[in-house]
Amino acid sequence: MIFRLIVCVAGILLLNIAGCLCQLNVCGQAPFNNKIVGGEEATTGSWPWQASIRLIGGGHFCGGSLINKDWVLSAAHCFQSVSHGASSISVSLGRQTLSGSNPDAITKTVSQVITHSSYSANTQNNDIALVKLSSSVTFTDYIRPVCLAASGSTIDAGAKTWITGWGTLNAGDSSLPDTLQEVQIPTVSNTDCNKAYGIITSNMLCAGLTSGGKDSCQGDSGGPMVYKNDSLWIQPGIVSFGRSCAEPGFPGVYTRVSQYQSWINSYTSSDPPGFVKFAANGGSSNLHHYLPHTLFIFILYLVL
């Protein structure tokens, strides 16, 4: 009887763990990926988690990233001036261009927008939001979730990250590019970044060139900063703010995703995103799938 009980408990735990880790089977994979200001046009399907957040009856105003079949991650500041809340917003996925034919794209209405309760419009601290789709999406080669940087992940200065979005190509531009843009920029230490801004916190991550010229810009807000480890793409940052766009000495500032694993999981617990803990030192990285230590210890205890 005791043995049977242990087997049952272990089985339930393993099923729960499988539920927690199931997103890792699909997240961060971009079958058509071979790899904004100073960037270039992305090829179709390169960034299958990229979302265009749009006003119903209007156009694109912010980016986002698909993190599971029901939720999109974005920035809190994107929704501060949206007067009619979730009912006025839609999310487009699998889109390559803002206009014309996008045969692989789908558009979903939104049932809920959750901005971080401690978001500060003055300092942009805690600039993170979750957007719940009105119905679940079906994953395809063109629509897939990104993996998220787990709590405890580190990314040193010089790590090569990619930023994607439909933001303006130059500061002050009044029109957005039609085709999704991509740009690769290195991370910058928070210490150096704070010399430029004076308000950088541990909840932020910076990236840019000392000479400027490459950056995210207006319209990219809420979109993903991603980092590649072998064939797996992980999102350590969300486009947040900066001084103008691509100015020398002023890197772009991104919300540090790894600081918000518990917050994200508190709303997505029925289908947790794929969190991956990694350490990027500017040239290489170490990675492992995230598994709560308490569950691992308990399973080990049952086995022994």
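Just so you know, residue 1 is the first one in the sequence shown, and it goes up from there.
- Panel note: side chain T140, backbone I143; a donor-acceptor pair is recorded below 3.5 Å.
- For the pair N68 (side chain) and P273 (backbone), a donor-acceptor distance under 3.5 Å is absent.
- No donor-acceptor distance shorter than 3.5 angstrom exists from the side chain of Q261 to the backbone of V257, with no hydrogens or angles considered.
- No hydrogens or angles considered: nothing links the side chains of S118 and N126 as a donor-acceptor pair under 3.5 Å.
- Geometrically, R144 does not engage F139 in a cation-pi contact defined by less than 6.0 Å to the ring centre and at most 45° from the axis.
- A donor-acceptor pair shorter than 3.5 Å can be found between the side chains of S240 and D127.
- Proximity of a side-chain donor or acceptor of T43 to a complementary backbone N or O of S46 within less than 3.5 Å is not detected.
- Using bins of under 30°, 30° to 60° and over 60° for the plane-to-plane angle, the ring pair W233/W47 lands in the perpendicular bin.
- Residues I185 and T161 have side chains in contact (heavy-atom distance under 4.5 Å, counting atoms from C-beta outward).
- With hydrogens and angles ignored, the 3.5 Å screen pairs a side-chain donor or acceptor of S74 with a backbone N or O of G63.
- Contact annotation: the side chain of W166 never approaches that of D178 to less than 4.5 Å [non-hydrogen atoms, C-beta and beyond].
- Inter-residue side-chain proximity for D271 and K69 is flagged as met; some heavy-atom pair is nearer than 4.5 Å.
- Contact of the T115 side chain with the Q80 side chain is registered, since non-hydrogen atoms from C-beta on lie closer than 4.5 Å.
- A donor-acceptor distance shorter than 3.5 angstrom exists from the side chain of S153 to the backbone of F278, with no hydrogens or angles considered.
- Interatomic distance, CE of M225 versus CG of D220, reported as 12.0 Å (0.5 Å rounding).
- Counting heavy atoms from C-beta outward, T255 and N203 have side chains that stay 4.5 Å or more apart.
- Counting only distance, with no hydrogens or angles, the side chain of T179 and the backbone of E41 share no donor-acceptor pair below 3.5 Å.
- Side-chain contact, K108 with S90: no donor N or O sits under 3.5 Å from an acceptor N or O.
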Just do the side-chain contact (heavy atoms from CB on, under 4.5 Å) check on S258 and S151 with the steps written out, would you? CA-CA 5 Å; S258 61; S151 177; 5.6 Å; no
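- No side-chain heavy atom of W162 sits under 4.5 Å from any side-chain heavy atom of V183.
- Between H77 and Y119, the ring centre distance reaches or exceeds 6.0 Å.
- When only modelled atom types and interatomic distance are considered, S120 and N125 share no side-chain donor-acceptor pair under 3.5 Å.
- When all heavy atoms of C27 and L232 are compared, the pair lying nearest together is O-CD1, 3.3 Å.
- Separating the CG atom in L93 from the CG atom in D104 is a distance of 12.0 Å, to the nearest 0.5 Å.
- Remark: T164 OG1 to E182 CD distance equals 8.5 Å, nearest 0.5 Å.
- Side chains of T97 and N102: a donor-acceptor N/O pair is present below 3.5 angstrom, by distance only.
- Minimum interatomic distance between C193 and V253 (heavy atoms only, all atoms of both residues): SG-CG2, 4.2 Å.
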After noting the C-alpha distance and the side-chain angles of I155 and L205, does the key distance pass the side-chain contact (heavy atoms from CB on, under 4.5 Å) rule? CA-CA 9 Å; I155 183 164; L205 174 65; 3.6 Å; yes
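- Note on ring orientation: taking the six-membered ring where Trp is involved, the planes of Y197 and F241 are perpendicular (angle over 60°, cut-offs 30° and 60°).
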Please lay out, stage by stage, how L130 and V72 fare under the test side-chain contact (heavy atoms from CB on, under 4.5 Å). CA-CA 6 Å; L130 284 166; V72 167; over 6 Å; no
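- When all heavy atoms of H60 and C62 are compared, the closest pair comes out as CE1-O, 3.0 Å.
- In this structure, a donor-acceptor pair under 3.5 Å is present between the side chains of R54 and S52.
- The shortest non-hydrogen separation linking A157 to S189 is CB-N, 3.7 Å.
- If you take CE on M204 and OH on Y254, they are separated by 13.5 Å, rounding to the nearest 0.5 Å.
- The two residues P236 and A149 have their closest heavy-atom pair at CA-CB, 3.8 Å.
- The closest side-chain heavy-atom distance from V91 to L133 is below 4.5 Å.
- Panel note: side chain D70, backbone S135; no donor-acceptor pair is recorded below 3.5 Å.
- No donor-acceptor pair closer than 3.5 Å links the side chain of Q50 to the backbone N or O of P224.
- Between the side chain of N190 and the backbone N or O of S202, no donor-acceptor pair lies under 3.5 Å.
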Step by step, work out the side-chain contact (heavy atoms from CB on, under 4.5 Å) result for W263 and N265. CA-CA 6 Å; W263 184 82; N265 277 339; over 6 Å; no
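- Two different hydrophobic clusters hold I106 and I56 under the rule that ILVMFWY side chains link at heavy-atom gaps under 4.5 Å.
- Annotation: side chain of Q235 is not in contact with side chain of Y227 (no heavy-atom distance under 4.5 Å).
- Here the OG-CH2 distance, from S136 to W71, works out to 11.5 Å after rounding to the nearest 0.5 Å.
- Within the model, atoms CZ of F79 and OG of S88 stand 9.5 Å from one another, a figure rounded to the nearest 0.5 Å.
- V188 and L209 sit in two unconnected hydrophobic clusters of ILVMFWY residues. Membership requires side-chain heavy atoms under 4.5 Å apart, directly or through other members.
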